[in-house]
Each structure stands twice: as C-alpha cells, then as structure tokens.
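The block underneath contains the structure these notes are about, expressed in structure tokens.
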Amino acid sequence: METVRTELIPGVWLTALRSDKFKTGCLSINLLTQLKRETAAFNAVLPFVLRRGTRFHPDMQTIAAELDSLYGTGVEPIVRKIGEIQCIGFYASFPDDKYLPAGSEAFEKAANLSCEMLLAPNTRGGLFLPAYVESEKEKLLELIRSRVNEKRSYAHFRLLEQMCCYEDYAVSRFGTEDTAESIYYQKLTKYYHSLISASPVEIFYCGSMEASKVADILSDALSGMTRGEINYDIGTDIRMNAVEDKVRSFVDEMSVTQGKLVMGFRLGECMEEPDLAAIYVFNAVYGSGVTSKLFMNVREKLSLCYYASSTVDTHKGIMLVSSGVDFDKVDEAKSEILAQLEAVKSGDISDEELEAARRSVASDLLACLDSQGELEGFYLANTIDGLEFSPDELAALVCDVSREDVIKIASSVVLDAEYFLRGGGEDDEP
C-alpha cells in the first residue's frame, strides 16, 4: 500500500492510500471543528440535512436513483468525536473502477455527488428547507433521548459527562438535547456557511487509482468551495492528573437488575510523549481481552462481575474500566479492579500474559489492513494526532514492547472518578 498526502485547496488535505487489495473503493470527506456544547448538535445534524437533497438531486429519491446507477454506490453521513475534535461529513463506498466496464467512472461520479451534497444543498431563497431541517432535528433529538435505553453505554456517557465536566470532552458527538431543540433552518444555514468557510477538511481515499488522478478529480469537484480564514486552532486538551485529590463518586438510580460500574482514569504523565504501542499493550495486559487481568481474575476467578474490561482513548489520555456487578458486590469489585492495576504497576506480569497482549494488539492492528473502513478511521485519527505510521508499522512496534514499558505506563495511571448505576429508579432496563 502506498500513501500520498496532498493539499488540494487551502486547508483541504487528501490522504490517498493506493491498494489493489480491494474490489471496492472508499472516500470520506471530514470537516474538523472544535467539539463544543453550544455547537455539537448543529454539527451533528448538518450532514443528515445535506444528505436529504442537493441543487441537482433535490430529494432522497433522486439521490438514491443516482447511487443505484453507480452500481450500488453508497454515501452516508458521518459524525465522529476524536478527542475534543468533532468530525462530520460523508463516507462513500463504491465498486473500484478497475472491476467495472470501461468508462464507468464510479469513483469520479461518487466523488462529485459527495462534494455536491457538501457544497450544493437544496435551498429555497438561500436557506435550508424547513421540512428537511425539522425532520432531521427530530431524529437527532430521538437519538439523544434514546441513549438511556442502552445502560452500559449510558453509564459510560454519564461517567465522562461528570468526570470531564470542565472539559469539552464531556460533550457527546451528537450534542445536547437543549441545543438540538434550538436548531432552526435559518440558524443552521448561517452556521453551515461559517463551517464550510473556516473548517480544516480531511479527505481519505482508498482504492486502485493513482493518487495524482484522485487529487485532480477531487480538486475539480471542490472548485466551488468558499474558503475564508481557516481555523487551525483546534485540538484536545489533555489533563495529566485527577481533577481533585479525592476520587469523585457519582451515582444514578434506575430500575435495573444489574449495576453498571464505570471507573475513569487519567493516563497521566505518559501522555507527555505518548508511546501508543506501549499504551495499547498495557491496556491488553490489564483489561482488554480474554487474557487480561480483569477478565481472568475479577470476572473468571473471583466471579465479582458479569463483565469487566478496560478501554483507552489515546487522543484524550483517558482509560475507562467498565463492569456489570450485583449491587452488593460493587465495593469488592472496585477494590479488586484497583488491585489488578497495582499488580501491573508492581510488575506482576507473566511472560505468557505479556506475549498474549502483544499478539492480541498486533492482530487487531493487522486486521485493519483487511478493511477499508478500519483503514479510514486509523488514518484520520493519526492525521489529527500528527502521526505518520501505518497499521503494520505500529504492529511491529507493539511486538517490541517490554514488561518495563508496560510498567511505566501503568505507573502513571491515576483514578479520577467513578460512576455507579444502581437499582431503585423508575426507568426499565431493556
């Protein structure tokens, strides 16, 4: 695979990954903006409104017909949160031109349609159509309100909302209900124009076409894009230490039969110069996967919970430990979760545990090479973080992570906050 990076127009960058491995191609167009409580919902609803119709394809029926004519090409809205940066836009998947009849030009047509959705929305008097905005606004509100229905992810959201209450990271990628309710077509149209003018844009392509030809096609498709002063002052504020000296505890009550415990840690000083390979292996040793200490000890050996696992967000420097526990075992589960972290800090890591962790992480990274969607997410995240390695290069680094590297990461980790969803409220568990 060959990767070429090119600036197409001011503030619009293309990462083109040439590969003959896939029979399809993919293209994503991402507007980057700072994640903020007052604008997150506006950003989240925008690609869905833009997907409703364009100047030349005024409704979803004509868009669908165009996509069908392109051998089943798909173009879908995307809304992501990478650290404290919100990424919105479109992801297109299409048959690779080398497998289609000559002159099909599936990539060029898919690129033109994607850029048309972004830059030429269906408007009346220069404003978004009220019916489109209201419809997508209601869908967004329904999505925000429904997150309480899945208790495990809801517990994650509530922990981060309170643990990071002084940080933009507390905001969901879909924004807040009160902000979503304030969305109207006039305000959204004005906001859209400011976003198009000022946002950095990251475009990713994966397919068999030469990078120079991809760049030429996209430059033509984006030629009508209005650019003003680009806002490059976006990024993620990484807090090294816990907010307070004492661990903060938060509790909610609902009518649930199983408690949801989430413990939030700061990765600490290791985030000054983060070693991603070592962080990933540490996480695998501690709590990610079936060979981890949390799984083998807290869940299997001691039977303190129904599940126990850790995840790390290296963009923000946070680790979450999530577990499902009986109400009367929560304190015992907390103690054992912390005891397993102390075990890693003290170097109580067998050769088998370390090797299993390295194999697991490397395998996951190499699996990215078999999925265009995974590759797109990997390269976008790396670009935002200013990194320049491929999945296989990172996998090679993972294989060299030592026990001392893992201990160093673990030693900087500090518990900041904990959240427990327990029984006693009125909502029903699904």
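In this chain, residues are counted from 1 in sequence order. Since the model is a prediction, treat every value here as computed from it, not as a measurement.
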>> Distance alone, cut at 3.5 Å: any donor-acceptor contact between the side chains of D237 and Y169?
In response: no
> Where the side chain of S104 meets the backbone of A106, is there a donor-acceptor pair that is under 3.5 Å apart?
Replying inline: no
>> Nearest 0.5 angstrom please: K293 NZ to S350 OG, how far?
In response: 6.5 Å
> Taking all non-hydrogen atoms of both residues, which atom of L294 and which atom of S309 are closest, and how far apart?
Replying inline: CD1-C, 4.1 Å
> Which heavy atom of A211 sits nearest a heavy atom of L14, and at what distance?
Replying inline: O-CD2, 4.4 Å
> Can you tell me if S223 uses its side chain to pair, donor with acceptor, with the backbone of D220 under 3.5 Å?
Replying inline: yes
>> Salt bridge or not between E142 and K139? Use side-chain N to carboxylate O under 4.0 Å.
In response: no
>> Looking at K36, I'd like to know if its NZ atom is crowded, meaning that more than 12 non-hydrogen atoms belonging to other residues, nucleotides or ligands lie closer than 6.0 Å.
In response: no
>> For the backbone of P77 and the side chain of R51, can you confirm whether one donor and one acceptor N or O come within less than 3.5 Å of each other?
In response: no
>> To the closest 0.5 Å, what do you measure between OH (Y91) and CD1 (I29)?
In response: 12.5 Å
>> By the definition side-chain hydrogen bond (donor to acceptor under 3.5 Å, both in side chains), identify the one residue from R158, K260, Q162, K151 that meets it with D252.
In response: R158
>> I need the single residue from F48, Y192, Y185 that forms a ring-ring contact (aromatic ring centres under 6.0 Å, His included) with F128. Which is it?
In response: Y192
>> Give me the atom names and distance for the closest heavy-atom approach of I183 to A41.
In response: CD1-O, 3.7 Å
> Which is it for K408 and E269 under the salt bridge (charged side-chain N to carboxylate O under 4.0 Å, His left out) test, yes or no, and what are the steps along the way?
Replying inline: CA-CA 10 Å; K408 184 178 179 181; E269 295 177 359; over 6 Å; no
>> Using modelled atom types and a 3.5 Å cut-off, is there a donor and acceptor pairing between side-chain atoms of E84 and backbone atoms of Q34?
In response: no
>> For the backbone of E108 and the side chain of E105, can you confirm whether one donor and one acceptor N or O come within less than 3.5 Å of each other?
In response: no
> Under 4.5 Å between any side-chain heavy atoms of R266 and I318, yes or no?
Replying inline: yes
> Under 4.5 Å between any side-chain heavy atoms of L380 and R80, yes or no?
Replying inline: yes
> Do you know the tightest heavy-atom contact between P130 and R124?
Replying inline: CD-NH1, 4.3 Å
>> Whether the S28 and E376 side chains hold a donor-acceptor pair (N or O, under 3.5 Å, no angle test) is what I'd like checked.
In response: yes
>> A quick test of your reading: do over 12 heavy atoms of other residues, nucleotides or ligands sit less than 6.0 Å from CE of M296?
In response: no
>> Below 30° counts as parallel, above 60° as perpendicular, anything between as tilted: where do the rings of Y286 and F282 land?
In response: parallel
> With a 4.5 Å limit on heavy-atom distance, are the side chains of V214 and V4 in contact?
Replying inline: no
> Going through the checks in order, is the side-chain contact (heavy atoms from CB on, under 4.5 Å) test met by L375 and L369?
Replying inline: CA-CA 6 Å; L375 285 168; L369 300 173; 4.1 Å; yes
>> Against E177, only a single residue in R145, K137, R147 fulfils salt bridge (charged side-chain N to carboxylate O under 4.0 Å, His left out); can you say which?
In response: R145
> Okay, side chain of N382, backbone of L387: is any donor-acceptor separation there less than 3.5 Å?
Replying inline: no
> Does the pair E167/K316 count as a salt bridge with the N-to-O cut at 4.0 Å?
Replying inline: yes
>> Quiz question: by atom type and distance under 3.5 Å, do the side chains of D59 and T62 form a donor-acceptor pair?
In response: yes
> Should the heavy atoms of other residues, nucleotides or ligands under 6.0 Å from CD of E388 be counted, would the total exceed 12?
Replying inline: no
> So which heavy atom on R358 is nearest to which on C399, and how close?
Replying inline: CD-O, 3.8 Å
> If you measure from CG on L218 to CD1 on I9, what distance do you get to the nearest 0.5 Å?
Replying inline: 10.0 Å
> Hey, what's the ring geometry for F94 with F107, parallel, tilted or perpendicular (30° and 60° as the breaks)?
Replying inline: tilted
>> Taking CD in E7 as the centre, count heavy atoms belonging to other residues, nucleotides or ligands within less than 6.0 Å. Is the count above 12?
In response: yes
> Are the side chain of S135 and the backbone of Y132 linked by a donor-acceptor contact shorter than 3.5 Å?
Replying inline: no
>> To the nearest 0.5 Å, what is the distance between CD1 on I337 and CG on L415?
In response: 10.0 Å
>> We want to know whether D405 and S402 form a side-chain donor-acceptor pair, criterion being a heavy-atom distance below 3.5 angstrom.
In response: yes
> Do you know the tightest heavy-atom contact between V321 and S310?
Replying inline: CG2-CB, 4.0 Å
> Got M254 and V148 here, is their nearest side-chain heavy-atom distance under 4.5 Å?
Replying inline: yes
> Could you walk me through whether T236 and I82 pass the side-chain contact (heavy atoms from CB on, under 4.5 Å) check?
Replying inline: CA-CA 9 Å; T236 300; I82 300 178; over 6 Å; no
> To the nearest 0.5 Å, how far apart are OG in S322 and CE in M263?
Replying inline: 11.5 Å
> Within the distance-only criterion (no hydrogens, no angle test), does the side chain of R55 pair as donor or acceptor with the backbone N or O of N122 below 3.5 angstrom?
Replying inline: no
> Is there a side-chain contact (heavy atoms from CB on, under 4.5 Å) between T33 and T39 once you walk through the steps?
Replying inline: CA-CA 10 Å; T33 185; T39 57; 5.7 Å; no
> Do Q372 and S93 meet the criterion of a side-chain donor-acceptor pair at a distance under 3.5 Å?
Replying inline: no
> Backbone N or O of Y379 within a donor-acceptor pair of the T383 side chain at under 3.5 Å?
Replying inline: yes
> Mind checking whether P47 and V79 have side chains closer than 4.5 Å, heavy atoms only?
Replying inline: yes
>> Side chains of I349 and V344, heavy atoms from C-beta outward: is any pair under 4.5 Å?
In response: yes
>> Any donor-acceptor pair under 3.5 Å linking the side-chain atoms of R359 with those of T291?
In response: no
> Are there more than 12 heavy atoms of other residues, nucleotides or ligands under 6.0 Å from atom NZ of K21?
Replying inline: yes
> Is any side-chain heavy atom of F42 less than 4.5 Å from a side-chain heavy atom of S182?
Replying inline: yes
> Would L32 and S199 satisfy side-chain contact (heavy atoms from CB on, under 4.5 Å), going step by step from the backbone distance to the final call?
Replying inline: CA-CA 6 Å; L32 311 184; S199 291; 5.7 Å; no
>> Under a plain distance cut-off of 3.5 Å, with no hydrogens placed, do E336 and Q340 share a side-chain donor-acceptor pair?
In response: yes
> Going from CG on N43 to CG on L35, what distance comes out if it is rounded to the nearest 0.5 angstrom?
Replying inline: 8.5 Å
> Can you tell me if K109 uses its side chain to pair, donor with acceptor, with the backbone of E66 under 3.5 Å?
Replying inline: no
> Would you say I384 and C87 make side-chain contact, with heavy atoms under 4.5 Å?
Replying inline: yes
